[in-house]
Amino acid sequence: MSGALAIAVIECHFVLDRESRSRETVPLTQLPLSRRHPAEPAPDSPSPRPGGIAARALAGAAPAAPETPYLSGLNPEQRAAVETLEGPLLVLAGAGTGKTRVLTTRIAHILATGRAYPSQILAVTFTNKAAREMKDRIGTMVGDLVEGMPWLGTFHAIGVRILRRHHELVGLKSGFTILDTDDQIRLLKQLLTAENIDDKRWPARLLAATIDGWKNRGLSPKDVPAGEGAVFANGKGGTLYAAYQARLKALNAVDFGDLLLEGIRLFRENPDVLAEYHRKFKYLLVDEYQDTNVAQYLWLRLLAQGSKNVCCVGDDDQSIYGWRGAEVDNILRFESDFPGAAVIRLERNYRSTGHILAAASHLIAHNEGRLGKTLFSEGDDGERVTVTGAWDSGEEARAIGDEIEALQRAGHPLSQIAILVRASFQMREFEDRFVTLGLPYRVIGGPRFYERAEIRDALAYLRCVNSGSDDLAFERIVNVPKRGIGDATLKQIHDVARAARVPLQDAVRVLTESEELKPKVRSTLRGLLDMFARWREQSRVLSHTELAEIVLDESGYTEMWQKDRSAEAAGRLENLKELVRSMEPFENLGGFLEHISLVMDVDNGAGEDAVQVMTLHSAKGLEFDTVFLPGWEEGLFPHQRALDDQGKAGLEEERRLAYVGITRARASARIYFASNRRIHGLWNSTLPSRFLDELPDSHVKVEESRGGMGWGGSGYGGSSYGESRFDRAGGSFGSSSYSTPGWQRAQSQREGGFNAGAGNVGAGRGGARGAHGSTHGSTHGSPPLIEGTLVASSTGAPSTFSRGERVFHVKFGYGEITGIDGNKLTVQFDKAGEKRVLETFIEKA
DNA sequence: GAGGTGGCGACCGAG
DNA sequence: TCGCCACCTC
C-alpha cells in the first residue's frame, strides 16, 4: 500500500429479516399462550394446547413421543433450571454439567409450550462459535424453528441489530460501518498526528486499549473520571476519546464498543424504544454470565427490566475475560441485582472421566475467592491425564501429530480431537506438521481470514460499490492497484470533501470536473468513478458473487496479484476465490457485508472430519473426546503478560483458563510442555508451567515424548516408554549441537542416575527428563505440595546454590541469585535483568 | 509518487 | 524471525 492512510471498515446494510418482521406483526392476543405459573409443578405431558409453533416444535423433536422427550433426560436440577421460567434465574453450572443443554432445552421448552414466539426470545453468547453451537443444538430439538430466532447471537451481533433499527436516534445514518481493531488504530493514529502527539511515546494501540477499557465499563467521554482521562499523553486522554467519537460520527461509523454503549444510550434516552423491547422480549437468556463486563451488564439489565424473565448461566471458575473488562462480580451480585432471583446449581458432571475431573478440580482449588463448587461424576475414572515433556516446540508438534495419527488409525474421528493452545502463534507449528502428515485440520480463530490485506482490499471495493459514501473503503483502494494517486492527490480530495461536507467519492467527482488536477490523475479518477457507476448498474441484474468477480477483475486487482512475483501471491489469489465462495450462502451483498463485520472468521469446512485447532479462549463451551494441551510453560501458560499486568488476579485467570482447557476433554486430556521454545525468533529455554505442579499426582501420568527425531515410534498404545532422543543424545547431540554448560550438566546428571546427586531430577535437558525423572523420583523428597509428589519440575531437594551467590548462565551471562524455589532460581543478571531459570542451566561463577 | 531498505517492536485473549 | 513503518533516493 502507498503511504496514503488507507482505512478500511466493513460496510453493512440493514437487511430486513422478513420472517421476523412478519412474526412481530402478529397481535399479542393471538399468541399461543398457555401460561403456567412457575410455582406449579410441570406436567410431564406436552403442553396441553400447543399452538402452531408449539406443534411444529414438538414435531421437530420427536413426533410420536407421548412425553416431552427433551425433558426426560434431564436430572432434577437441570429440569428445574429448564422449567423455572418466570422471574430471574441464575444457574451456577460447573464445567460439563450440561449448561448448554439447559439453555437450549429451556428455549425449546419455551417454544414448545407456546409461551413465546422464536422472535421473542433474546439469547446472548460471547463468541460466534458459542452462538453457532447453540443454534445448532436448538435446531436439533426444534427444527427449522430456530431460523426464526433473530435475537440469538453474540452481544455485538444483537447490539448492531438494535442500532440498525434505530440508527437515527443515536445520530447515525443508515448503513453505518463497523470499525474493527485495525481501523480503530489507523483512525487514532490520524488523531494523534493531528494533535501533534508523538505516537512512539503514546502509541495508538495503547490509546485504543484505553478507550476500549472505558467503553467496556460503560463510560462515554463525558463519564470518564478526570484523573483517568489524564493518564494518556499528558492529560489528553479524555479529549482524544471525545475527538475519536466525533470522528466516528463524521464517518458514520461505530467501533465494537459502541455497539453496546450506543445501545445503552439509545435505551436511556428513548424510554419508548426500550419499552418496545420490553414488550418484545418475553424471555432473556445469557450464556457465560461470568464473562459479562459492565457495559454488557448495563445493557442487559435495561432489557431485562421488562419481562424480568432473565436466565443467566455461568461458572465463576471459567471466567477468562478479565482482560476485556469482565466482572466476575456480576455473577456474585446477581441476586441483589435481580431481586427475587432463584439460584440453581448444577454440579453433576456428565462430560469427563473421573481422572480428568479430579485433575481439573485439584488445579482450580489453588484459586482463592471462588464461589466453590464440588463437581462430581458418576462415570469411570477413565485414563489419567498425561503430561509429556518435549525437547522443543517442534518435537511437541511431532509427538502430538504422531498421537493423532495413531488415534486416527484406531478409528477415532478427527473432529473429536482438539488442540487447545494458549496463544495463536502456537498454531503454526501444528499446521506445518499436519500439512506434512497430510492430516486434515481446521484452525478456528487464529489469523483471521477477513483481516488479510487482499481480503480487506477486495471488501473495500465491494463496499465502495455498495455505498457511495464509504470514505474509509474508498481511501483504502483508491490507489490499489497503483494508479498514481498519492498522498498529495488524496489530500486535495479530502480538502474538497471537508469543505463541501460530502463523501470522498462526491469530492472526486467535483474535482474531476474542475481543472485543479493534472490531466493524467483526472482521467484516472474519472475512470475509477465510471467503474463504480457501472458496477452499481450491474449489481441490479447480476448475483453478488458474479458482481464480486467482475469487480475484482475489472478493477485490475486480480491482475495485480497475478503479476506479483512474490511467494504468497498464489495464496492471496486463492483467498480471493475463497472470499467469493464464502459469499454464496448470502442473499445479497449487503447481507454478506453485515455478516463479516461481526464474524471475522470463515466457518469453512464445518462438518468435515478434521482435527480442531483453536485457542483456549475460543474452546470455552466446547467439548471433545481427546484434548491436547501444548505449551504448558512458564511465561506462555501462565502467560507472562497476564502476570505482569494483573499480578495474582492474572495468575488466577490463567489457572481458570487451564481449568477450562482440561475440562473440555471427555475421555483423554494430554498436556505437553517443551523445554525450548522460540520467542521472537530466539530460542529460549523454558520452565515447565507451575500448573503442572498443581496437578494431583494420583490422577496424572507422566510420559516421555515419543516424537523425537529419528525415532519412528511404535504408535499410540505402544510399550511404555519408547527410546527417546534423550536416550541417544550422548551420540549425536551431546557433543556437537548442544554443548552448553547446562546441557553438559544435564548429561552428567543423567549418567548419574535418576536418584543420584542432589536430587536435581527435574532439570537439565529440560522438562522431558524432568517429567520422566519425577515419576521415578517420587519416593524421595517431600515437597510441601498437595498429594505428595510434583509432576514435572522442582523436587524440593535442597539447592546446591545459595542466595547472593554469583553465577553464570550461558545465555544471560553473569548474575546474582536473589531467590531459590526448588530447582528454580531467580537470578538478577547484570545485563539481562531478573530471570527465573532452572538450576541446571546455572554455573557457579 | 514509487520503490527500496533498515530499524524496531511483537507473540495473549473476542467481537 | 517476521512484518510494519519511517525514511531515503530516484
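The chains referred to below are lettered A, B, ... by the order of the sequence lines, with proteins before strands, and numbering in each begins at 1.
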For A:Met427 and C:dC2, what is the distance between atoms CE and P respectively, to the nearest whole Å?
20 Å

Looking at B:dG13, I'd like to know if its phosphate oxygens (OP1 or OP2) sit under 4.0 Å from a side-chain N or O belonging to A:Arg324.
no

How would you list all residue pairs meeting salt bridge (charged side-chain N to carboxylate O under 4.0 Å, His left out) that involve residues 419-430 of chain A, not counting sequence neighbours?
A:Arg422-A:Glu654

Tell me which of A:Gly484 and A:Ala157 sits closer to the 5' end of DNA chain B, going by the nucleotide each one is nearest to.
A:Gly484

A:Asn216 side chain near B:dA14 phosphate (N/O to OP1/OP2, under 4.0 Å):
no

Would you find a donor on one side and an acceptor on the other, under 3.5 Å apart, between the side chain of A:Arg677 and the backbone of A:Asp392?
no

Should A:Thr615 be listed as having a side-chain N or O under 4.0 Å from OP1 or OP2 of B:dA14?
yes

Whole-Å distance between B:dC12 C1' and A:Leu651 CG?
15 Å

Donor-acceptor pair between A:Glu431 and A:Tyr441 side chains, under 3.5 angstrom:
yes

When you measure from the side chain of A:Thr127, which nucleotide among B:dC12, C:dC5, B:dG15 comes out closest?
B:dG15

With respect to the phosphate group of B:dG13, does any side-chain polar atom (N or O) of A:Ser618 fall under 4.0 Å of OP1 or OP2?
no

Separation of B:dA10 P from A:Gln640 CD (nearest whole Å):
15 Å

What nucleotide among C:dC5, B:dC12, B:dA14 has an atom nearest to a side-chain atom of A:Lys189?
C:dC5

From B:dG3, B:dA14, B:dG1, pick the nucleotide closest to the side chain of A:Thr489?
B:dG1

What's the CD1-C1' distance between A:Ile185 and C:dC4, to the nearest Å?
13 Å

Mutual orientation of the aromatic rings belonging to A:Phe434 and A:Phe430 [parallel < 30°, tilted 30-60°, perpendicular > 60°]
tilted

For atom CG of A:Asn684 and atom C1' of B:dA10, their distance in whole Å
14 Å

Looking only at the side chain of A:Asp212 (C-beta and beyond, no hydrogens), which of the listed nucleotides B:dA10, B:dG15, B:dC12 gets closest?
B:dG15

Please work out if A:Tyr321 contacts a base, only the sugar-phosphate, or nothing of the nucleic acid, heavy-atom cut-off 4.0 Å.
sugar-phosphate

Please state whether the base of B:dG15 and the side chain of A:Thr181 form at least one donor-acceptor pair under 3.5 Å?
yes

Mind checking A:Asp645 for me? I need base, sugar-phosphate or nothing, with any heavy atom below 4.0 Å counting as a touch.
base

In whole Å, I'd like the distance from the CG atom of A:Leu259 to the P atom of B:dA14.
17 Å

Test salt bridge (Lys or Arg N to Asp or Glu O under 4.0 Å) applied to A:Asp317 - qualifying residues, sequence neighbours left out
A:Arg370, A:Lys373

Tell me what A:Ala488 touches on the nucleic acid: a base, only sugar-phosphate, or nothing, going by heavy atoms under 4.0 Å.
sugar-phosphate

A:Glu634 CD to B:dC12 P, in whole Å, measures 16 Å

Specify the separation, in whole Å, of atom CZ of A:Phe637 and atom C1' of B:dC12.
11 Å

B:dG13 base stacked by A:Trp323? Criteria: ring centres under 5.5 Å, plane angle under 30°.
yes

Determine whether the aromatic ring centres of A:His617 and A:Tyr321 lie less than 6.0 Å apart.
yes

Winner on side-chain proximity to A:His617, out of B:dA2, B:dG1, B:dA14, is B:dA14

